[in-house]
K.L.:
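Have a look at this one before I ask anything.
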Amino acid sequence: MIVKGIVPPLVSPLNEDGTIDVAGTINMIDHCIRGKADGIFLLGSCGEGSVLAKAERKLLIETALKGIDDRVPLLVGVLETSAKKVVEEILDLEKTGVKYFVVTPPYYLSTEVQGEILEHFRYISKRIHGKLIVYNIPSYVHSSIYPETMMELLSIDNVISVKDSTGDWGMHQKALFLKQEIRNYDSKSFMCGNEDFAYASLSLGADGCVPCFANAYPELYSRMQMAAKDKNTVGMVQCQKVIGDLKEVLSMGASWIGVVKYLCSLKGLIQPYTGDGLPELTDDQKREIRVKIGKIEKKHGLGNTV
């Protein structure tokens, strides 16, 4: 199966005591699939994959597998500090039925040496049965995968996709141009992980995007994906304008993850609690967000949350 289209990087719903909110997880999955999401991505940056304990991650994954029920692919982030730790975690997760794994370069003893990044993924690919999605997010792992390296990684048999969240349009654009030169590309994909680039990236041939606001507004991104497929530039630009307005809300809390969770809570999907180390929103911040998001939804005709 090719990973493409709109894949929300699902928030991890939590109860007030920090335990996994099982009902909330099911609500989020159903909400995203009703919004025509093409996959679900657990335990990435938005999913607090680096924060949750192993038992919490396992319960979340097991809940998601049941909730998805093979309707769309489930991608699971494996954010570890070494290739050996990644392999160990993936082999354990494969026993639960997970088939798709999102993996970054090492993020503690990080490197900018592209050959070492290649060897990191080659080492992993030889030792697992599942499929790999390469996750390029230099702002978090402190290493950047260059466009040429991204394309070389796609030549590895069980590497099926690259999710590029570099935040550097020049690098992202170059990767898209290089992608067009690859033969036998049909079994691979290139996903945009930066919402500011969504319109431009899809216009240049990206196979989909992984946007945090798709947690609350999956139908917005599905509409944009369809407009890209139809080469409807006007429709794509309209969606990008909405995204631009939504992005203003992210800065209204100390934690952008907390803001996304709060938007989902306003829709009655989950509780707004974040994991250890992430600050909760204050009452004043919540009030300001409700006012702001209400104006945005009214302006663009989005489904009301307030």
Side-chain angles (χ1 to χ4, degrees), residues 4-13 24-42 44-48 64 67-68 71-72 75 163 165 191-202 206 208-230 232 234-253 255-272 274 281 285-286 288-306:
K4 61 181 180 179
I6 304 305
V7 181
L10 208 72
V11 295
S12 294
T25 302
I26 299 298
N27 288 344
M28 286 298 304
I29 288 168
D30 287 342
H31 171 69
C32 289
I33 293 177
R34 282 196 304 271
K36 299 184 180 179
D38 299 289
I40 298 292
F41 172 28
L42 286 188
S45 308
C46 192
E48 301 173 88
I68 290 173
R71 289 180 288 174
V72 296
L75 285 60
K163 175 185 181 287
S165 300
M191 304 287 285
C192 175
N194 187 304
E195 293 179 72
D196 292 328
F197 298 170
Y199 157 65
S201 183
L202 290 171
C209 60
V210 188
C212 70
F213 276 119
N215 279 277
Y217 303 101
E219 67 287 342
L220 167 66
Y221 294 91
S222 298
R223 191 161 70 245
M224 188 180 216
Q225 179 77 20
M226 184 59 66
K229 183 178 179 181
D230 294 340
N232 177 2
V234 173
M236 295 176 71
V237 170
Q238 288 175 341
C239 291
Q240 190 66 56
K241 287 180 178 178
V242 181
I243 295 167
D245 284 350
L246 289 173
K247 287 286 294 251
E248 294 180 14
V249 181
L250 285 188
S251 62
M252 298 178 72
S255 163
W256 64 269
I257 295 172
V259 174
V260 175
K261 282 190 166 184
Y262 185 58
L263 293 179
C264 293
S265 75
L266 290 175
K267 290 180 173 292
L269 298 168
I270 61 172
Q271 303 171 84
T274 54
L281 299 175
Q285 288 171 338
K286 290 178 180 178
E288 290 171 1
I289 289 170
R290 288 196 301 272
V291 171
K292 181 73 171 179
I293 202 66
K295 290 179 179 178
I296 292 171
E297 289 182 341
K298 183 177 181 180
K299 175 182 176 182
H300 295 292
L302 297 176
N304 291 334
T305 60
V306 293

K.L.:
Begin with the C-alpha distance, continue with both residues' side-chain angles, and end with the deciding distance and a verdict on side-chain contact (heavy atoms from CB on, under 4.5 Å) for V249 and V260.
P.N.:
CA-CA 9 Å; V249 181; V260 175; over 6 Å; no

K.L.:
How long is the straight-line distance from OG1 of T25 back to CG of L42, given to the nearest 0.5 Å?
P.N.:
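Answer for the CG-OG1 pair, L42 versus T25, is 8.0 Å.
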
K.L.:
Is it true that, when you exclude K286 itself, more than 12 heavy atoms of the residues, nucleotides or ligands shown sit nearer than 6.0 Å to its NZ?
P.N.:
yes

K.L.:
Looking only at non-hydrogen atoms, find the nearest pair between E48 and T274 and report the distance.
P.N.:
OE1-C, 3.8 Å

K.L.:
Output the distance between atom CG (L246) and atom CD (E248), rounded to the nearest 0.5 Å.
P.N.:
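Reported to 0.5 Å precision, the distance equals 9.0 Å.
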
K.L.:
With M224 as reference, evaluate N232, I6, V237, I243 under the side-chain contact (heavy atoms from CB on, under 4.5 Å) test and give the passing residue.
P.N.:
I243

K.L.:
Check whether any side-chain N or O of N27 sits under 3.5 Å from a backbone N or O of L269 as a donor-acceptor pair, and report yes or no.
P.N.:
yes

K.L.:
Looking at C32 and L10, what are the two nearest heavy atoms and their distance?
P.N.:
SG-CD1, 3.9 Å

K.L.:
So, for P9 and N215, which heavy atoms are closest and what is the spacing to 0.1 Å?
P.N.:
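Of all heavy-atom pairs spanning P9 and N215, the closest is O-ND2, 3.1 Å.
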
K.L.:
Once rounded to the nearest 0.5 Å, what's the spacing between atom NZ of K292 and atom CG of L263?
P.N.:
12.5 Å

K.L.:
Between D245 and I296 (side chain of the first, backbone of the second, donor and acceptor by atom type, cut-off under 3.5 Å), is there such a pair?
P.N.:
no

K.L.:
If you measure from CG on L266 to CD1 on I293, what distance do you get to the nearest 0.5 Å?
P.N.:
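Interatomic distance, L266 CG to I293 CD1, rounded to 0.5 Å: 8.0 Å.
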
K.L.:
Who passes side-chain contact (heavy atoms from CB on, under 4.5 Å) against E288, sequence neighbours left out?
P.N.:
M252

K.L.:
Any chance you could measure F41, atom CZ, to K163, atom NZ, to the nearest 0.5 Å?
P.N.:
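If we round to the nearest 0.5 Å, F41:CZ and K163:NZ are 6.0 Å apart.
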
K.L.:
Please determine whether the number of non-hydrogen atoms from other residues, nucleotides or ligands lying under 6.0 Å from atom NZ of K299 exceeds 12.
P.N.:
no

K.L.:
Under a 3.5 Å distance rule, please check whether E195 uses its side chain to pair with a backbone N or O of C212 as donor and acceptor.
P.N.:
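Flag set: sc E195 to bb C212 pair under 3.5 Å.
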
K.L.:
What pair of heavy atoms forms the shortest contact from Y221 to C209, and how long is it?
P.N.:
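Minimum heavy-atom contact is CD2-SG, 4.3 Å.
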
K.L.:
Quick check for you: to the nearest 0.5 Å, what is the distance between Y217 atom OH and R223 atom CZ?
P.N.:
12.0 Å

K.L.:
With a 3.5 Å distance limit and no angle check, can you tell me whether K261 reaches the backbone of S12 through a side-chain donor-acceptor pair?
P.N.:
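A pair under 3.5 Å: yes.
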
K.L.:
For A228 and L202, which heavy atoms make the closest approach, and how far apart are they?
P.N.:
CB-CB, 3.9 Å

K.L.:
Which pair of heavy atoms, one from L281 and one from G258, lies closest together, and at what distance?
P.N.:
CD1-O, 3.8 Å

K.L.:
State which residues pass side-chain contact (heavy atoms from CB on, under 4.5 Å) with A200; sequence neighbours excluded, sorted by chain then number.
P.N.:
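If we apply the side-chain contact (heavy atoms from CB on, under 4.5 Å) test to A200, skipping adjacent residues, the hits are W169.
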
K.L.:
Closer than 3.5 angstrom, by distance alone: can the side chain of S222 be matched with the main-chain N or O of E219 as a donor-acceptor pair?
P.N.:
no

K.L.:
Would you find a donor on one side and an acceptor on the other, under 3.5 Å apart, between the side chain of Q240 and the backbone of Y199?
P.N.:
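Checking the backbone N and O of Y199 against the side chain of Q240, a donor-acceptor pair under 3.5 Å is found.
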
K.L.:
Strictly by side-chain hydrogen bond (donor to acceptor under 3.5 Å, both in side chains), give each pair with a member in residues 28-41 just once, sequence neighbours left out.
P.N.:
D30-R71

